[in-house]
Number of protein chains: 2
Amino acid sequence: MKPTIYDVAKGAGVSIATVSKVINNLHVGKKSKEKVLKVMKELNYKPSVLASALAGKPTSTIGFLLPDLANPFVAEMARRVEDRAHERGFNLVICSTDFDSEKEALYVSLLRQKSVDGFILAGSFKNVEVIKELLEEHVPVVLLTESYPSLSVSSVKVDDFIGGYEVASHLISLGHEKIAVIAEDANSSQERIRGYKQALQDKGLAIYEDMIVTSDSSSEDAERVAGELLDASDPPTAIFAANDKLAICVLHAARERKLSIPDDLSVVGFDNSVLSKSTDPSLTTVGQPIQDMCSQVVDFLIEEIEGKSTTKQRLVMLPQLIIRKSTGVCRLKNKI
Amino acid sequence: MKPTIYDVAKGAGVSIATVSKVINNLHVGKKSKEKVLKVMKELNYKPSVLASALAGKPTSTIGFLLPDLANPFVAEMARRVEDRAHERGFNLVICSTDFDSEKEALYVSLLRQKSVDGFILAGSFKNVEVIKELLEEHVPVVLLTESYPSLSVSSVKVDDFIGGYEVASHLISLGHEKIAVIAEDANSSQERIRGYKQALQDKGLAIYEDMIVTSDSSSEDAERVAGELLDASDPPTAIFAANDKLAICVLHAARERKLSIPDDLSVVGFDNSVLSKSTDPSLTTVGQPIQDMCSQVVDFLIEEIEGKSTTKQRLVMLPQLIIRKSTGVCRLKNKI
DNA sequence: GTGAAAGCGCTAACAG
DNA sequence: CTGTTAGCGCTTTCAC
């Protein structure tokens, strides 16, 4: 059997209380301490987190809910969160929710039964009721990549509005006037679209609502929707995809139609995920400071867990337009 | 405070033993059962996994160690494992080890303190000592994507040898004779290389050991190494990258040197990750039945955890060559 | 500075 | 069929 605190106590000739104290770095006589430490090493003793947690200590594990781990951008965030969490002595239980309200509720409930110390909710978390409940019951929660204006919850995200604004401005500066948008049904996407519209408006361009379409998170659907956009009688000269994954679907749809990029069509993505670097032409996209954002969410959450800070904070970081090869001068302007 | 089993017992007018029994679906009088169920619902009672685990029950959580969650292929596996695990009522604690022996040992130790029910070790797990220790102490372990001939541990993987063999055969059939290989230092890669060599040998071709190079897992290094290969005085006409990530680095290196693919150089990857579909030209690669593999590892592990099966098994699945646009007839043959 | 003892919430004999 | 009770391994008063 694995050694317990009793084995150590017996081996060191002290009480379990003393052993507990050296485990938790409380004041213990030097001699006892050394003896205990020695025995712990000999027995290769490791305290049970289960037991200490049951007795009131934290479990040092964080529940991390995200839309889909298979999405490379999400996976990269997960890795950054994981790294920072480990640095701070925490482990991550990861659950993919697929933007499904019920899964969200289920996983939160499950993880609470397992006594995680807190939650990081990433992506567009649908189930606001669940967030409210967590807040009411004082379970530490932090949102990543989104924020709820009406909820008093800490969050870290990029300024999606500006991101969308810059994308549209870039495209407009290249002479594009008919710029379509393809997005998923996420809050962040809506913000990006708002930014895009603002830029159009600022430049005195018309906004075509029918060129702003939504796709679910499957690649098939995205390609279909992109195709419809391209097959229109008066197709757009540029498409702004609300994330890189969608942008690649647009690329595929364009390729199928023998459209050359960026000559026939400019495409912009969002996220600057690994995907955007490997496509050809490489994708113009909007970079998010993933590392910093993830580091910050973890720190915010841990602050709450440790009760060091009770003030909620919303951190908004600035995105950066990364111009690569998928955008170019509008072909119409070009011909004139 | 969260309700406990005592609250439910009091509310239902029974003892905690009875409540425990209905929780665990043991025989209980119909009336008591209904009453208890009712009270549980009213109180929104959820048993504490901590407490039940401390009392001997499993935690229903699996430790999943993998090389790097930020790698899209790995992330996709993680997602499949997660799905199957959830179906079976388990959660996943995920840790990225970066092929680092010490991290491997550290995480295993940490997760054992947290009483995970078992481990899935994916990728090239370096620290054999740790695996041995787990085995000796009868901690359920299953390997994914690799296997140790000398260890009695269950595993699920693809037949890397055949994969490598098919890649080389395909390239040879296109007229290539100088086929370089770029790999990471993983067991699976070595197997792929063995298959590649076998194919060369079977076709009576020479094996150039200096065209078989190793890169660490960083993209920079891979590009550098690929560059050296291409800058050689008598460069290869085809490069077999042991995984898609490396293949993309090769693509980048080739693009920098204005080489056209597949006309000047054929490139093959391995894994059929999302990356391979989004590159241009799309990547010829080897597909692994990820879904089945991941489903199986989880099932193997859970069998061990539940003690239903004590026989170890090694499952080897067959990979599939997926021919896309990055491979073509050898330019030398072409010109002749 | 150290130890005895009462919990933490649940399971599992063992009686009844 | 149901309740009593002794743990599971650790933390934490509270005396000594």
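In the text below, chain A, chain B and the rest are named by the order of the sequence lines, each starting its count at 1.
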Contacts under 3.5 Å, N or O only, protein and nucleotides 3-6 of chain D:
| unit_1 | atom_1 | unit_2 | atom_2 | d |
| --- | --- | --- | --- | --- |
| D:dG3 | OP2 | B:Ser15 | N | 2.9 |
| D:dG3 | OP2 | B:Ser15 | OG | 3.3 |
| D:dG3 | OP2 | B:Thr18 | OG1 | 2.6 |
| D:dG3 | O6 | B:Lys21 | NZ | 3.0 |

Pairwise side-chain hydrogen bond (donor to acceptor under 3.5 Å, both in side chains) hits with a residue in residues 113-124 of chain A, at least two apart: A:Thr59-A:Asp117, A:Lys114-B:Asn91, A:Ser124-A:Asn187
Given the rule in the salt bridge (charged side-chain N to carboxylate O under 4.0 Å, His left out) test, do B:Glu76 and B:Arg79 qualify, once you have shown the distances and angles that lead to the verdict? CA-CA 5 Å; B:Glu76 191 177 345; B:Arg79 175 55 143 107; over 6 Å; no
Is it true that, when you exclude A:Gln313 itself, more than 12 heavy atoms of the residues, nucleotides or ligands shown sit nearer than 6.0 Å to its CD? yes
Report the distance from atom CZ of A:Arg112 to atom P of C:dG9, rounded to the nearest whole Å. 14 Å
I want to verify a distance call: between D:dT12, D:dG9, C:dC10, whose nearest atom is closest to the A:Ser20 side chain? D:dT12
All N/O donor-acceptor pairs, side-chain side in residues 28-47 of chain B, below 3.5 Å, sequence neighbours left out:
| unit_1 | atom_1 | unit_2 | atom_2 | d |
| --- | --- | --- | --- | --- |
| B:Lys38 | NZ | B:Glu42 | OE2 | 3.2 |

B:Leu54 CG to C:dT11 C1', in whole Å, measures 10 Å
Within a reach of under 6.0 Å around CD of A:Glu102, are more than 12 heavy atoms found that belong to other residues, nucleotides or ligands? no
Going by the rule ring pair (Phe, Tyr, Trp, His ring centres under 6.0 Å), which residues pair with B:Tyr107 if we only count those two or more places apart in sequence or in a different chain? A:His86
Quickly work out the B:Asp7 CG to C:dC10 C1' distance and round it to whole Å. 13 Å
Are more than 12 heavy atoms from other residues, nucleotides or ligands located less than 6.0 Å from atom NZ of A:Lys312? yes
Does the distance from a Lys or Arg side-chain N to an Asp or Glu carboxylate O, for B:Asp7 and B:Lys10, drop under 4.0 Å? no
To the nearest angstrom, the NZ-C1' distance between A:Lys57 and C:dG7 comes to 16 Å
A quick test of your reading: do over 12 heavy atoms of other residues, nucleotides or ligands sit less than 6.0 Å from NZ of A:Lys103? yes
Point-to-point distance, once rounded to the nearest 0.5 Å, from NZ of B:Lys2 to OG1 of B:Thr4: 11.0 Å
Determine whether A:Leu111 and A:Leu65 satisfy the following criterion, side chain to side chain contact (heavy atoms under 4.5 Å, CB included), listing intermediate values before the conclusion. CA-CA 10 Å; A:Leu111 296 193; A:Leu65 305 213; 4.1 Å; yes
Give the angle between the helix axes at the two ends of the helix from C:dG1-D:dC16 to C:dG16-D:dC1, taking five base pairs at each end and rounding to 10°. 40°
Residues within residues 22-50 of chain A bordering DNA chain C, heavy-atom distance below 4.0 Å: A:Val28, A:Gly29, A:Ser32
note: A:Ile5, atom CD1; D:dC10, atom P; distance rounded to Å ~ 5 Å
